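Just so it is clear, the structure is predicted and the values come from calculations on it, not from any experiment. Residue numbers start from 1 in every chain, and the chains themselves are labelled A, B, ... in the order their sequence lines are given, proteins ahead of strands.
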Protein chains: 2
Amino acid sequence: MSPRKPSTKDLTKEMIVNEAHKQFITKDFQQISMRSIAKELGCSHGAIYYHFKNKAEIFYAILSDYFFELNNTLDENMNGPEDHDTKLLNVFVGFMAFGLNNQSQYELMFIMRDSEIDGLSQEAANLSYEKFAQSVRFLSTTELLISDIHSTFIALHGFVAHYRHYVKNYEEAKEAVDVHAKFLMKALTFRE
Amino acid sequence: MSPRKPSTKDLTKEMIVNEAHKQFITKDFQQISMRSIAKELGCSHGAIYYHFKNKAEIFYAILSDYFFELNNTLDENMNGPEDHDTKLLNVFVGFMAFGLNNQSQYELMFIMRDSEIDGLSQEAANLSYEKFAQSVRFLSTTELLISDIHSTFIALHGFVAHYRHYVKNYEEAKEAVDVHAKFLMKALTFRE
DNA sequence: CTCCTTATTGACCAGTGGTTAACAATAAGT
DNA sequence: ACTTATTGTTAACCACTGGTCAATAAGGAG
């Protein structure tokens, strides 16, 4: 009647997620197959479907960690000791750096809208945006329009979406990131 | 000794491209298969490989038309009768409208960096960007930094990449497009 | 030792892009 | 007309993909 003890479990959700995550560092969502995960885990790919309903569910479990990390980065940049302008710049740079250093993950978080991941991560994406918007509003020295904050976010997103094709990590685009961040600072500072 | 005359050709490159293009209006690259094209054309999918070396080659043939259309749109907006500021705004709006009205195509032109399409369309994408940059430089009332133009392009790209998830065409995002375009105008106009 | 639940396997499905031997169809040379 | 070279086309095949599911192994509870 009572459930079997989890003492001698061979395959756990954690193991699956870990393996998927491991492959996720170097490959993207589409390049990782249920079979490649199973093979590395030494089990059949069918076994994974006992623990996860589908491929998307595994990767959503991973993505939530990355959303957490992105939110954390935002917080850290906001609570630094610098003046507001510097911190605002750091928020911009931090967002772009995150995107460029976690390209496969960023793709799934904000760029892909493929099938089932959708409904799951969209909420988290909106939450991250809200956090971003609040940070920017708080750090700005002038009263900002919501639309300006939104445009700024879109411009940051555009940077990551564009540069991920040309660059492997933040380091390789450091200068361009800085220039873009300063451009957005200029745009936000403008008063007519 | 001489090649067979093309008089009684059943299957032509044009027919294949047309069918692929037809499906490309409502489906995206990944959803269209060699078999779905062949089925509609009443031939085997193997036959297509006689005319095109792979799937990417078919879609590149289609994309070149869309790059042409985008460049045309840029020209039209630039050669209008309005004043420079209005035309510059039209260039921004025109780019976003193109992206939102041709989402599957825009994805392949600027967002996807999937396998073989890459090398082929990257050149065309760079050319389109050059055209955009020249237009902006010409239309601007003040001397612009190259980096500012680049940031502007990236911001426009970000808008399309973001809104394509929420909107089916330009009409549905008209207001947001306008707001974003004006934000970028502000950013470019700013002098410190 | 019998249940009964959990976990796992491996065959299977329908689909993908791509390759290739075989073959049909047509043209030109003799 | 017969042969031959070339062009197109087919259909079987390959190695994959995500996903399903009956059979089955493994272990705890009574």
Nearest whole Å is fine: how far is [N] [atom2] from [X] [atom1]?
X	N	atom1	atom2	answer
K39(B)	dT9(D)	NZ	C1'	19 Å
I58(A)	dG18(D)	CD1	C1'	11 Å
H51(B)	dT10(D)	NE2	C1'	12 Å
L41(A)	dT8(C)	CG	C1'	13 Å
I48(A)	dG19(D)	CD1	C1'	12 Å
L11(B)	dT26(C)	CG	C1'	17 Å
N54(B)	dT16(C)	CG	P	17 Å
F52(B)	dT9(D)	CZ	C1'	16 Å

(request) Could you pull out all residues at least two apart from K168(A) that satisfy salt bridge (Lys or Arg N to Asp or Glu O under 4.0 Å)? (result) E172(A)

(message) Please enumerate all residues that pass salt bridge (Lys or Arg N to Asp or Glu O under 4.0 Å) together with D28(B), with sequence neighbours excluded.
(response)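 Listed in chain order: nothing, the list is empty.
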
(request) Go through the side-chain N and O atoms of E107(B) and Q103(B) and say whether any donor and acceptor fall under 3.5 Å apart. (result)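 No donor-acceptor contact under 3.5 Å links the two side chains.
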
(request) Verify the contact: side-chain N or O of Y50(B) to OP1 or OP2 of dT9(D), cut-off strictly under 4.0 Å; return yes or no. (result) no

(message) H150(B): which residues meet the ring-ring contact (aromatic ring centres under 6.0 Å, His included) condition with it, sequence neighbours left out?
(response) H162(A), Y163(A), Y129(B)

(request) Run the salt-bridge test on D178(A) and K174(A) with the 4.0 Å N-O cut-off and return the result as yes or no. (result)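 Looking at K174(A) together with D178(A), the answer is no, because their closest N to O distance does not fall below 4.0 Å.
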
(request) Treat each ILVMFWY residue as a node, draw an edge where side-chain heavy atoms are under 4.5 Å apart, and state whether M185(B) and F138(B) are in one component. (result) yes

(message) Starting the side chain at C-beta, find the nucleotide from dT9(C), dT9(D), dT19(C) nearest to C43(A).
(response)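 Minimum distance to the C43(A) side chain belongs to dT9(C).
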
(request) Decide ring pair (Phe, Tyr, Trp, His ring centres under 6.0 Å) for F95(A) and F153(A); before the verdict, give the C-alpha distance in whole Å, the side-chain angles of both, and the deciding distance to 0.1 Å. (result) CA-CA 9 Å; F95(A) 184 89; F153(A) 175 78; 5.5 Å; yes

(message) Listing request: all salt bridge (Lys or Arg N to Asp or Glu O under 4.0 Å) pairs with a residue in residues 63-75 of chain B, at least two apart in sequence or in separate chains.
(response)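 Those involving residues 63-75 of chain B are D75(B)-K131(B).
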
(message) Rounding to 10°, can you tell me the angle the first-five-pair axis of the helix from dC1(C)-dG30(D) to dT30(C)-dA1(D) makes with its last-five-pair axis?
(response)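 Between the first-five-pair axis and the last-five-pair axis there is 30°.
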
Show each protein N/O and nucleotides 13-17 of chain D N/O combination with a separation under 3.5 Å, one pair to a line.
residue: dT17(D); atom: OP1; partner: S33(A); partner atom: OG; Å: 2.9

(message) Is it the case that the ring center of Y66(B) lies less than 6.0 angstrom away from the ring center of H21(B)?
(response) yes

